[in-house]
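See structure below.
Whatever order the structure lists ligands and atoms in, that order sets their numbers, starting from 1.
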Amino acid sequence: MSERNLVVLGLQWGDEGKGKVIDCLAGTFDAVVRCQGGANAGHTVVVGGHKTVLHLLPSGVLHPGKCLIGAGVVVDPVALVAEIDELAAGGADPSTKLMLSDRCQLVTPAHPALDRAFERAKGKGKVGTTLRGIGPCYADKVARIGLRGADLLDPELPARLRASIRAHNRTLDQYGAKPVDPHGAAVERWLAAARRIAPLVADTAAWIQDLMDKGGRILSEGAQGTMLDIDHGTYPYVTSSSTGVGGVITGAGLNHRQVGLVAGVVKAYTTRVGGGPFPTELDPARAEALRQRGGEFGATTGRPRRCGWLDLVAVRHAVRLNGVEAIALTKLDILDPEPEIPVCVAYELDGKRIDTVPAQLSDLARAKPIYETLPGWNASIRGVSDRSRLPAACEAYIAFIERRLGIPARWIGTGPGREETIVG
Ligand code: IMP
């Protein structure tokens with residue numbers, strides 16, 4: 001792997017612990033690029049006991065390499081400035097190493113307002129979005145009416161922003177929602193933030209290609225997970241971007257020969273936030289115990305995450321779609337006290353055993369997990385950094401996952417810190 005590029009993707013419903021994995025691996029790369037999503041993501045990095053939650057900035061930001069926000073990302077200037085300022089206040093100002101794609105899309109103050117209005121209108125069927133305006137911003141992108149990174153340098157930006165907001169106010173009005181004042185404080189704040197980040201705008205895809213020509217190496221960072229992918233996830237309970245390797249190619253501006261090793265991040269159990277079917281979801285009492293132990297509360301919204309056992313049908317779906325060659329298995333220590341650990345290896349749907357994810361949500365909602373139950377290890381593995389020192393039952397759990405997926409676990413998380421990792 002040492003001479004190859006690397007892609008790190010989530011293989012479940014997001015929140016797999018990608019932030020820590022990327023932070024651990026970023027040190028040897030010339031640059032890290034965020035490829036899709038926006039401030040809906042919450043990537044937690046713990047260094048020297050200090051916790052940093054990143055939303056838009058790549059999780060490699062705490063390393064010396066360049067940090068790129070690619071064309072596939074939807075960027076809220078206010079959120080980005082807040083994040084830059086927070087890091088700068090902690091003594092790690094990222095501005096000098098940060099580049100913002102001239103082709104990324106801009107989240108305007110109208111987008112979160114639309115997100116809220118659409119969610120409210122859906123009532124019980126709401127997606128449970130992060131309300132960061134992600135879906136409406138991507139909708140503008142494909143409708144070809146969005147504002148982009150390059151527009152931050154356009155002297156007409158204030159007028160174009162206000163025109164865009166006025167157009168969206170007509171939709172907000174139809175939904176009975178409060179309009180956004182095109183001359184209000186939120187818009188002024190947005191324009192001030194836009195001015196701050198304008199100097200960061202660059203042709204990041206051309207920069208990446210130049211780096212490739214010089215033999216440099218890049219780490220591409222996925223946000224969310226394959227089960228939240230707009231095409232291959234549990235639609236419509238998904239996010240609005242391509243969270244797999246396809247999103248890396250388009251979102252960073254890499255060509256297919258430059259992707260490199262695709263590593264998938266898998267949490268040792270499953271969580272999801274928001275609505276939608278979740279076959280291995282635990283009953284409320286057991287879910288609560290896992291949630292408390294694993295600190296399973298949204299890094300962006302603080303919402304409690306739904307918790308369940310590992311679903312290898314979903315993970316295998318993601319491994320095959322993305323050509324994953326190795327996994328990072330995270331938060332294994334959270335399972336320490338479990339007496340036994342069920343792992344879902346197939347679903348039963350209408351009396352038939354299936355090992356793929358049905359497209360029809362009502363089918364997925366009816367699918368019953370078929371479990372193989374493994375013994376727990378009933379010991380603390382917190383901080384273990386040598387695989388041969390794991391209890392036998394814990395090693396057997398890892399080996400079971402590797403066998404079922406047909407790929408190795410090259411990184412295993414035994415605690416939140418950088419050093420609490422087994423590298424194999
Ligand atoms: P949106 O991306 O805010 O539109 O939300 C759509 C769905 O994706 C909701 O179920 C969110 O909870 C989920 N989601 C978005 N970003 C993340 C993330 O970073 N981790 C986990 N779930 C996410």
Side-chain angles (χ1 to χ4, degrees), residues 8-22 34-45 53-59 72-76 79 83 105 107 110-122 124-142 221-244 247 251 264-267 269-278 281 291 294-308 311 314 318 330-331 361 364-365:
V8 178
L9 300 173
L11 302 188
Q12 293 157 306
W13 278 274
D15 306 320
E16 297 91 354
K18 293 178 289 297
K20 174 186 158 177
V21 173
I22 293 159
R34 246 308 277 280
C35 306
Q36 38 69 230
N40 49 350
H43 294 152
T44 306
V45 179
V53 182
L54 302 162
H55 302 285
L56 273 163
L57 291 171
S59 303
V73 180
V74 290
V75 177
D76 181 340
E83 218 170 310
Q105 295 282 322
V107 175
H111 292 137
L114 288 168
D115 205 351
R116 269 193 304 278
F118 296 156
E119 281 285 87
R120 202 177 318 116
K122 287 194 178 111
K124 271 195 167 156
K126 73 175 183 177
V127 176
T129 75
T130 59
L131 301 176
R132 297 295 187 275
I134 306 299
C137 184
Y138 278 116
D140 276 9
K141 169 180 174 169
V142 295
E221 166 175 340
Q224 292 85 41
T226 297
M227 297 307 283
L228 289 172
D229 182 90
I230 185 75
D231 296 296
H232 298 286
T234 46
Y235 189 89
Y237 295 96
V238 292
T239 190
S240 298
S241 62
S242 298
T243 58
V265 187
V266 180
K267 186 148 56 183
Y269 48 97
T270 311
T271 59
R272 93 171 284 184
V273 225
F278 180 178
E281 186 162 20
R291 183 179 304 121
E296 297 295 352
F297 297 88
T300 297
T301 59
R303 289 181 293 177
R305 297 176 184 145
R306 299 159 67 192
C307 295
D311 181 345
T330 60
K331 299 185 95 164
L361 274 199
L364 187 58

Suppose we measure from [atom] to each protein heavy atom; which comes out shortest, and what is that distance?
atom	answer
atom 17 (C) of ligand 1	Q224 CG, 3.5 Å
atom 7 (C) of ligand 1	V238 O, 3.7 Å
atom 2 (O) of ligand 1	T239 OG1, 2.6 Å
atom 3 (O) of ligand 1	T130 OG1, 2.6 Å
atom 8 (O) of ligand 1	L228 CD2, 3.7 Å
atom 21 (C) of ligand 1	D15 OD2, 3.0 Å

Open item on the list: I'd like to check the side-chain hydrogen bond (donor to acceptor under 3.5 Å, both in side chains) partners of E16; sequence neighbours left out, ordered by chain and number.
Closed with: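 Listed in chain order: K18.
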Verify the distance criterion only: is there a donor paired with an acceptor across the side chains of [X] and [Y] at less than 3.5 Å?
X	Y	answer
T130	R132	no
Q105	D140	no
S59	E221	yes

- [ ] Give the contacting part of Y237 toward ligand 1: side chain, backbone, both or neither, where contact means a heavy-atom distance below 4.0 Å.
- [x]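 It is neither; nothing of Y237 touches ligand 1.
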Task: ligand 1 contact on T129 by region, counting heavy-atom pairs under 4.0 Å - done: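 Both parts.
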- [ ] Examine distances only and state if a side-chain atom of E119 and a backbone atom of G128 form a donor-acceptor pair shorter than 3.5 Å.
- [x]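 Present.
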- [ ] Could you pull out all residues at least two apart from P236 that satisfy side-chain contact (heavy atoms from CB on, under 4.5 Å)?
- [x]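 Testing P236 for side-chain contact (heavy atoms from CB on, under 4.5 Å), a comparison that skips the adjacent residues, returns L361.
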Open item on the list: Less than 4.0 Å is my threshold; does some heavy atom of R132 fall inside it relative to ligand 1?
Closed with: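 Outside the 4.0 Å threshold, so no.
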TODO: Could you tell me whether some N/O pair between N40 and ligand 1 is separated by less than 3.5 angstrom?
DONE: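 Yes, there is a polar N/O contact under 3.5 Å.
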